[in-house]
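All chains are named by letter (A, B, ...) in the order of the sequence lines, taking the proteins before the strands, and each is independently numbered beginning at 1.
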2 protein chains.
Amino acid sequence: MNIGSAARRSGLPPKTIRYYEDIGLLRADRAANGYRDYSDEDVHRLRFVQRARSLGFSVEECRQLLSLYSDRDRASADVKAIATEKLGEIDRKIAELTGLREMLGHLVETCHGDARPDCPIIDGLSGTTTSH
Amino acid sequence: MNIGSAARRSGLPPKTIRYYEDIGLLRADRAANGYRDYSDEDVHRLRFVQRARSLGFSVEECRQLLSLYSDRDRASADVKAIATEKLGEIDRKIAELTGLREMLGHLVETCHGDARPDCPIIDGLSGTTTSH
DNA sequence: TCTTGAGCTTCCAGTGGCTGGAACCCCTAT
DNA sequence: ATAGGGGTTCCAGCCACTGGAAGCTCAAGA
């Protein structure tokens with residue numbers, strides 16, 4: 001099938017699929033007219049990458065996962081290691097964002113938000129107020 | 001003072017400060033020898049940006065905040081609007097990451113992680129298992 | 001048959017927010 | 001005189017795409 005169909009079935013834009021081929025993540029056959037030609041298995045792989053990306057795996061991690069995916073004899077521990085590492089990263093990001101949320105939320109709460117120029121948010125950012 | 005001192009005092013690398021000048025976010029005077037010359041007020045502004053960036057504001061938002069910061073007559077409501085919008089974004093990101101965490105966490109939990117090739121994580125990504 | 005339009009191809013450039021490196025200048029201390 | 005640790009500029013690269021131009025191919029309609 002052509003790239004458009006593969007795109008629709010995998011949930012990835014054609015541009016992205018071409019990009020993935022460009023960086024050697026997923027290659028496709030070519031039809032006689034030069035068009036890329038995708039098999040069902042190719043689409044499967046594309047969707048695999050799409051899911052992995054949407055779960056926060058980097059393209060490089062997708063490359064690893066793909067090779068583990070294709071390796072019928074891989075140890076599940078290898079996959080779990082990557083996923084666990086990623087889980088840690090996600091947790092760290094959540095923690096960081098939660099911290100930010102708290103700080104910014106506090107600033108927003110204490111700002112009366114009217115026409116007067118006095119603003120705790122600006123003060124907080126400029127460091128004139130002791131942050132706690 | 002030179003860019004190095006300004007960097008140390010603001011918590012921003014010299015490269016980043018030059019970059020900010022490049023994109024017109026913060027400009028600096030020049031000394032006779034061509035070196036950038038920063039006043040305490042400049043450092044204050046740099047730190048302001050540093051804090052805003054670390055709170056998740058984009059550089060463009062920093063530009064807005066800076067102009068609000070410099071405008072002694074601005075309404076605190078204007079600042080609050082930007083901060084509240086950002087708060088919403090942070091909340092959305094947290095929610096998204098929490099969703100990811102749950103999904104990936106579930107996959108990791110159900111993966112026994114040993115030498116056998118059977119792996120729910122790979123299965124989950126490849127879509128052979130119904131996601132719920 | 002011709003034309004139209006959609007879809008495909010390649011390639012180049014831009015996004016955000018830096019960061020690294022090269023090549024060079026300046027200033028101070030030894 | 002020289003060595004070093006600043007500073008300066010500019011160019012390139014990172015990640016993961018995305019937009020756009022110019023040109024090809026294909027199927028359907030007048």
Applying ring pair (Phe, Tyr, Trp, His ring centres under 6.0 Å) to B/Y69 and not counting sequence neighbours gives B/F48
Under 4.0 angstrom, heavy atoms only, what part of the nucleic acid is B/R18 near: base, sugar-phosphate, or nothing? base
Quantify the bending of the helix from C/dT1-D/dA30 to C/dT30-D/dA1 as the angle between its end axes, each fitted on five pairs, to 10°. 30°
Within one Ile-Leu-Val-Met-Phe-Trp-Tyr cluster: A/L100 and B/I94, side-chain cutoff 4.5 Å: yes
Would you call A/D118 and A/R116 a salt bridge, taking side-chain N to carboxylate O under 4.0 Å as the test? no
Going 5' to 3' along nucleotides 12-23 of chain D, which nucleotides have protein heavy atoms under 4.0 Å from the base (write B), which only from the sugar-phosphate (write S), and which from neither (write -)? ----BBSBB---
Got A/L66 and A/L26 here, is their nearest side-chain heavy-atom distance under 4.5 Å? yes
Gap between atom CG of B/L55 and atom CG of A/L104 - 0.5 Å precision: 5.5 Å
Contacted region of DNA chain C by chain A, from 5' end to 3' end of the hits, cut-off under 4.0 Å to heavy atoms, spans C/dG7 to C/dC11
Straight-line distance of A/L97 CG to A/R92 CZ, nearest 0.5 Å: 13.5 Å
Could you give the side-chain donor-acceptor pairs of residues 14-24 of chain A under 3.5 Å, partners two or more places apart or in another chain?
{"unit_1": "A/E21", "atom_1": "OE1", "unit_2": "A/R36", "atom_2": "NE", "d": "2.8"}
{"unit_1": "A/E21", "atom_1": "OE2", "unit_2": "A/R30", "atom_2": "NH2", "d": "3.4"}

Tell me which residues in residues 89-98 of chain A put a heavy atom below 4.0 Å from DNA chain D, sorted by number, or none. none
Is the shortest side-chain heavy-atom distance between A/V43 and A/M1 below 4.5 Å? yes
If the condition is side-chain hydrogen bond (donor to acceptor under 3.5 Å, both in side chains), which residues does A/S58 pass it with, not counting sequence neighbours? A/E61
Under the side chain to side chain contact (heavy atoms under 4.5 Å, CB included) test, residues paired with B/R8 that sit two or more places apart: B/S5
Scan residues 62-76 of chain A for pairs that pass salt bridge (charged side-chain N to carboxylate O under 4.0 Å, His left out), counting only residues two or more places apart or in two chains. A/E60-A/R63
Could you identify which residues of residues 27-34 of chain A place a heavy atom less than 4.0 Å from some atom of DNA chain C, listed by residue number, or say none? A/R30, A/G34
Taking the side chain as every heavy atom from C-beta outward, state whether A/R9 and A/D40 have any pair of such atoms under 4.5 Å apart. yes
Going by the rule side-chain hydrogen bond (donor to acceptor under 3.5 Å, both in side chains), which residues pair with A/E96 if we only count those two or more places apart in sequence or in a different chain? none
For B/M1 and D/dG7, what is the distance between atoms CE and P respectively, to the nearest whole Å? 12 Å
Any ion pair linking B/E41 and B/R45 (charged N to carboxylate O, less than 4.0 Å)? yes
Within the structure provided, determine whether A/I82 and A/L68 are in side-chain contact (heavy-atom separation under 4.5 Å). yes
Extract from the structure each pairing of a protein N or O with an N or O of nucleotides 3-6 of chain D at less than 3.5 Å, listing the distance.
{"unit_1": "D/dG6", "atom_1": "N2", "unit_2": "B/Y35", "atom_2": "OH", "d": "2.9"}

Would you say the side chain of A/S126 lies within less than 4.5 Å of the side chain of B/H44, judging by non-hydrogen atoms? yes
Does the side chain of B/H106 come within less than 4.5 Å of B/T110's, by heavy atoms? yes
